[in-house]
Structure formats: structure tokens, C-alpha cells
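Accompanying notes for the structure given below.
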Amino acid sequence: MTTTTTPSGTGPTEASASTPVPVMDVPAIVDETARLLTEHYVFPEVAEQLAALLRRRLAEGTYDVGTAEELGGLVSADLRSVNGDPHLRLVHHPDRVPQGRGEAAAAAMRRKFDTSLGGVPRVQLLDGGTALLELAPLLFPLDWSAEPLTAALTLVARADALVLDLRSNVGGDPDTVSFVCSHLLDERTHLNTLYARVGDRYDQYWTQPHVPGARYGGTKPLYVLTGSSTFSAAEELAYDLQQLGRATVVGEPTRGGAHPREGWTVHPNLEATIPVARAINPISGTNWEGTGVIPDVQCPAAEAADRATTLIAAGRSPLTGSRT
């Protein structure tokens, strides 16, 4: 969203390593997580409540466990017990992760980037001149993904209608959201604002006046597919386009995480992920936290592509009831 935040959604924790990692010095891990909460969480009052809860649970012996994975699960459940923020976690990584702010997430994301064609696993021409573009598993940082995204978005710019598939996208970078939207709108448009607690700062995100390659533009039919796995920055992409009246969202409600997070390594296999900002949409004045993005056309995620192509073939938008 470029900000000082790391890419905001990394999805579910990867499968556990075959040999459980023992956890040492649990009090130090819990104390450091509590400190990071009080210093950085975008909601300071909630941060104080959660820090007190973690320290109380530590004193009660709740965290007397043998492995890093067990500790991560228990602390994550407690972190989400007050306001249910899905970005607030103590993430277990099966492999050792680098030290430093944001390093654990960056390492995990780089592996996914290298195995997903840069976040563009599918571009497909469907019947009737409709293109399907899948962006997954993440909206990777632009310094990595600008080249594959430009290639894909230039290719689909010639289509008569576009289906943007975000059903398996679990988040990413807000600047990449702006980059994609820049190809789907004609005028320079205010998409989102992030309020950051540190510095009491408001950062606006706008489409770019110029894009590399061709632009699909702001008038041809656009359908966005969502599912229960769609999260974080991918939700923002769907929400921004929906609020602007630019796209019809088809599928299932999304997970509901609108607070970009930073990550700090607190153990060789544990990363404290703490939201440092919150999204404010310029049209709705709010965001999708807790509710998710509610599709205009609700159906099982597995049926969303067929439903969208049926609507395109019928030449009708459920947003207006008129022919597109």
C-alpha cells in the first residue's frame, strides 16, 4: 500500500517440518511480542489489553509448551481474542527465518514468487473474447512483479471482457494494488488511504497516470472473483474496484483483513506479525475488516468463473441491470 509496511498478507502458516522445533526462553519471546504490540499496533488501547493478557497467560503457565509451533498457535489465539484481527499472529515458520523487521515475510514471499510465474499463474482466452487473468498467490512487491504483471495486463488489454481471479490470493503490496488498478481505470483515481499509528500519518494511494504497456481501461466489462481465502491486499483490490463501481465481484465473501502488518522475528522460527496501519476507503469511509468484501453476486467460489462468464455472455451487469 510504497509504505513502511511489509506486504500485508502471507496466508496460512506453511505445513510443519517433520521434526518439531523446540522452543527456548518462552518468557523472552512473550515479553518481546508484548513490547512490539504496545509500540506498534495500530489500536493502542487494544494493544495494552493484549499485552496484559499475554503476560497473565505466561504467568499462569499457559505457554509452557515444548515446540515453537505450539507456542505460536496459543499466542496467536490470544492475540485474536479481543478484536479478532486476522493479521495479528505469532507465525510459526518450519524453516529458520532471517532476523530483522520484515525479513521473515520477505524470504517466504520470495520462494512463492519464484514458483508462481511472478504471481501470474494463469492468463487464458475464453469464449467470446473474454480473458481470464489469475493473480496468485500474492500481489508481490512491484520491484519484483512489475515485469510479469505488465506482460499479463498488456496481453489482456485487447480482450472484450476481463475476469480477474483473486480466489487464491492471500495478500501483498498496496503499491501493486494501485499498479493493477491503473490498468483498469482511465482517470487518475484515489483508491485508498492508510492511517499509520507511528507518526500519526495518512498515506493516500492513487492510480498512476501512465502505465507501461497497454491499458484495459475503464469501460469494458470487468468481473472480480473472490473466495474465502482472498485476503488482505487482494481484498483491497476487489474492494477498491467494487466501491468505484468499476467491477462486479462474484463468489464468496473474503476473509476480512484490512490492517497492513509488519513482521518481527522473535525466535528463529517465530515471527510476530503486528498491524501498523488501517485502510480507509475514500468512498465508503471505512474498510472490509471483519466483514470481508461482500460479492455483488454470491455463489460458491468454485462456480464463480462460470457465473461471471454467463453474465458476460448475457451482456448484463448485476450492478445496474443494464446491458454492458
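These figures come from a predicted structure and were not determined experimentally.
- Looking only at distances, no side-chain donor or acceptor of Q298 sits under 3.5 Å from a matching main-chain atom of E252.
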Check the pair L225, L164 against side chain to side chain contact (heavy atoms under 4.5 Å, CB included), reporting the backbone distance first and the verdict last. CA-CA 6 Å; L225 310 184; L164 184 62; over 6 Å; no
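- Atom CZ of R278 is separated from atom OG1 of T286 by 8.5 Å, given to the nearest 0.5 angstrom.
- L50 is connected to W264 through a chain of hydrophobic side-chain contacts under 4.5 Å among Ile, Leu, Val, Met, Phe, Trp and Tyr, so both are in one cluster.
- Under a 3.5 Å cut-off, the side chain of S182 and the backbone N or O of Q208 do form a donor-acceptor pair.
- Criterion: ILVMFWY side-chain heavy atoms under 4.5 Å apart, direct or through other members. Under it, V211 and V156 are not part of a common hydrophobic cluster.
- L191 is not connected to L149 by any chain of hydrophobic side-chain contacts under 4.5 Å among Ile, Leu, Val, Met, Phe, Trp and Tyr, and they are in different clusters.
- Side-chain atoms of Y63 and D78 include a donor-acceptor pair closer than 3.5 Å.
- Using modelled atom types, one finds no donor on one side chain facing an acceptor on the other under 3.5 Å when comparing D203 with Y195.
- Distance check: Y216 OH to H183 NE2 gives 13.5 Å after rounding to the nearest 0.5 Å.
- Between L126 and T309 the shortest side-chain heavy-atom distance falls below 4.5 Å.
- The shortest side-chain heavy-atom distance between P148 and L117 does not fall under the 4.5 Å cut-off.
- Side-chain heavy atoms closer than 4.5 Å link hydrophobic residues (I, L, V, M, F, W, Y) into clusters, and following such links, even through other members, never connects L222 to L185.
- Listed here is the closest heavy atom pair of P137 and K112: CG-CB, 4.1 Å.
- The heavy-atom pair separating R80 from L88 by the smallest distance is CG-O, 3.5 Å.
- With respect to R35 and D31, no salt bridge is recorded, no charged nitrogen being found less than 4.0 Å from a carboxylate O.
- Between P86 and E289 there is a side-chain heavy-atom pair separated by less than 4.5 Å.
- If you take NE2 on H210 and CZ on R188, they are separated by 10.5 Å, rounding to the nearest 0.5 Å.
- Between T265 and Q99, the side chains place no donor N or O within less than 3.5 Å of an acceptor N or O (distance only, hydrogens not considered).
- Residues D165 and R122 are paired through a salt bridge, judged by an N-O separation under 4.0 Å between the basic side chain and the carboxylate.
- R96 CZ to L270 CG: the interatomic distance, rounded to the nearest 0.5 Å, is 11.5 Å.
- Pairs passing the ring pair (Phe, Tyr, Trp, His ring centres under 6.0 Å) check and including a residue from residues 100-124, sequence neighbours excluded, read F113-F140, F113-W144.
- Separating the CG atom in L166 from the CG atom in L139 is a distance of 7.0 Å, to the nearest 0.5 Å.
- Residues that satisfy the side-chain hydrogen bond (donor to acceptor under 3.5 Å, both in side chains) test with N83, not counting sequence neighbours, are Y41.
- Heavy atoms only, all atoms of each residue included: C181 and L237 are closest at SG-CD1, 3.5 Å.
- With contacts defined as side-chain heavy-atom distances shorter than 4.5 Å, the pair V249/T226 qualifies.
- In the model, W206 has a side-chain atom that pairs as donor or acceptor with a side-chain atom of Q204 under 3.5 Å.
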Show, in sequence, the C-alpha distance, side-chain angles and deciding distance for V250 and V224, and conclude whether the side chain to side chain contact (heavy atoms under 4.5 Å, CB included) test is met. CA-CA 6 Å; V250 181; V224 176; over 6 Å; no
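- The local environment of CD in E39 is crowded, with over 12 non-hydrogen atoms from other residues, nucleotides or ligands closer than 6.0 Å.
- Relative orientation of the F43 and H259 rings is perpendicular, given thresholds of 30° and 60° on the angle between their planes.
- T230 contributes a side-chain N or O that, together with a main-chain N or O of G227, makes up a donor-acceptor pair within less than 3.5 Å.
- Not counting sequence neighbours, the partners of T154 by the side chain to side chain contact (heavy atoms under 4.5 Å, CB included) test are T150, R158, A214.
- Side-chain atoms of I280 and L194, non-hydrogen and from C-beta on, never get closer than 4.5 Å to each other.
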Mind running side-chain hydrogen bond (donor to acceptor under 3.5 Å, both in side chains) on H87 and S232 for me, showing each step along the way? CA-CA 8 Å; H87 279 107; S232 195; 2.9 Å; yes
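- Y239 and S284 are linked by a side-chain donor-acceptor pair at a separation below 3.5 angstrom, with hydrogens and angles left out of the test.
- A304 and G251 make their closest contact through CB-CA, 4.0 Å (heavy atoms, listed as atom of the first residue, atom of the second, distance).
- Within a 6.0 Å sphere centred on CD of E187, heavy atoms belonging to other residues, nucleotides or ligands number 12 at most.
- Of all heavy-atom pairs spanning V163 and A308, the tightest one is CG2-CB, 4.3 Å.
- Minimum interatomic distance between G217 and D186 (heavy atoms only, all atoms of both residues): CA-OD1, 3.3 Å.
- Under a cut-off of 6.0 angstrom, the local environment of CG in D127 is sparse, with at most 12 non-hydrogen atoms contributed by other residues, nucleotides or ligands.
- H40 contributes atom NE2, which lies 8.5 Å from atom CZ of R197 (distance to the nearest 0.5 angstrom).
- No donor-acceptor pair under 3.5 Å is formed between the side chain of K220 and the backbone N or O of L184.
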Show your working on salt bridge (Lys or Arg N to Asp or Glu O under 4.0 Å) between E235 and R255 and close with a plain yes or no. CA-CA 8 Å; E235 294 180 280; R255 283 177 60 190; over 6 Å; no
